[in-house]
Amino acid sequence: MLNNTPICTHCDSSNNVKKYGLARSGLQRYRCGHCNKTFQAKYIYPAYEENMAKQVQNLLSKGKTKIQIWWHFKVTSLCC
């Protein structure tokens with residue numbers, strides 16, 4: 001039987017990770033027994049994609065504004 005227990009995104013522990021309800025998106029949330037933090041194994045928010053910082057730096061170097069970058073990744077900011 002395969003163990004599909006995710007690895008904690010905060011402390012990299014895979015020991016004592018338990019299901020911890022659902023996020024508003026409907027995706028499974030987990031709680032790490034080692035650091036007691038919660039996380040999701042998968043996110044639908046584009047900021048969690050791999051190499052996001054590189055992609056943003058690339059767009060900035062091309063002269064894109066913050067708002068153009070938000071539109072590019074289909075994210076919004078309520079604070080800035």
Side-chain angles (χ1 to χ4, degrees):
M1 184 171 148
L2 293 174
N3 184 2
N4 292 330
T5 303
I7 296 173
C8 176
T9 56
H10 302 284
C11 72
D12 295 326
S13 175
S14 61
N15 297 335
N16 205 21
V17 172
K18 306 283 185 197
K19 288 184 177 182
Y20 195 70
L22 298 176
R24 288 187 302 182
S25 63
L27 295 174
Q28 182 67 55
R29 291 198 55 77
Y30 297 91
R31 182 176 191 111
C32 176
H34 180 74
C35 69
N36 292 320
K37 293 188 177 182
T38 62
F39 65 96
Q40 291 174 210
K42 179 183 176 185
Y43 289 91
I44 58 172
Y45 183 64
Y48 288 98
E49 289 179 11
E50 245 179 77
N51 300 318
M52 179 58 69
K54 281 185 182 179
Q55 292 177 50
V56 170
Q57 285 295 92
N58 185 29
L59 290 170
L60 286 170
S61 70
K62 292 179 179 179
K64 299 290 185 185
T65 66
K66 190 181 343 182
I67 293 173
Q68 289 171 322
I69 294 171
W70 293 343
W71 278 99
H72 178 82
F73 291 112
K74 298 178 180 70
V75 297
T76 60
S77 173
L78 301 175
C79 67
C80 306

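Keep in mind the model is a prediction, meaning the values are calculated, not measured.
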>> Does anything in residues 17-37 form a ring-ring contact (aromatic ring centres under 6.0 Å, His included)? List the pairs, not counting sequence neighbours.
In response: Tyr30-Phe39
In residues 6-13, what donor-acceptor pairs under 3.5 Å come from side-chain atoms, sequence neighbours left out?
from, atom 1, to, atom 2, distance (Å)
His10, NE2, Thr38, O, 3.2
Ser13, OG, Asn15, N, 3.2

> Closest heavy-atom contact between Leu27 and Lys42?
Replying inline: CD1-O, 3.4 Å
> Does Met52 share a hydrophobic cluster with Trp71, counting links as ILVMFWY side-chain heavy atoms below 4.5 Å and allowing steps through other members?
Replying inline: yes
> With Leu60, which residues qualify under side chain to side chain contact (heavy atoms under 4.5 Å, CB included), at least two apart?
Replying inline: Val56, Gln57, Ile69
>> Nearest 0.5 Å, please: how far is CG in Leu22 from CD in Gln40?
In response: 9.5 Å
> Does Asn58 reach the side chain of Lys54, with side-chain heavy atoms less than 4.5 Å apart?
Replying inline: no
>> Tell me every residue that passes side chain to side chain contact (heavy atoms under 4.5 Å, CB included) with Asn36, counting only those two or more places apart in sequence or in another chain.
In response: Arg31
> Residues two or more places apart in sequence or in another chain: which of them pass side chain to side chain donor-acceptor pair (under 3.5 Å) with Thr65?
Replying inline: Gln68
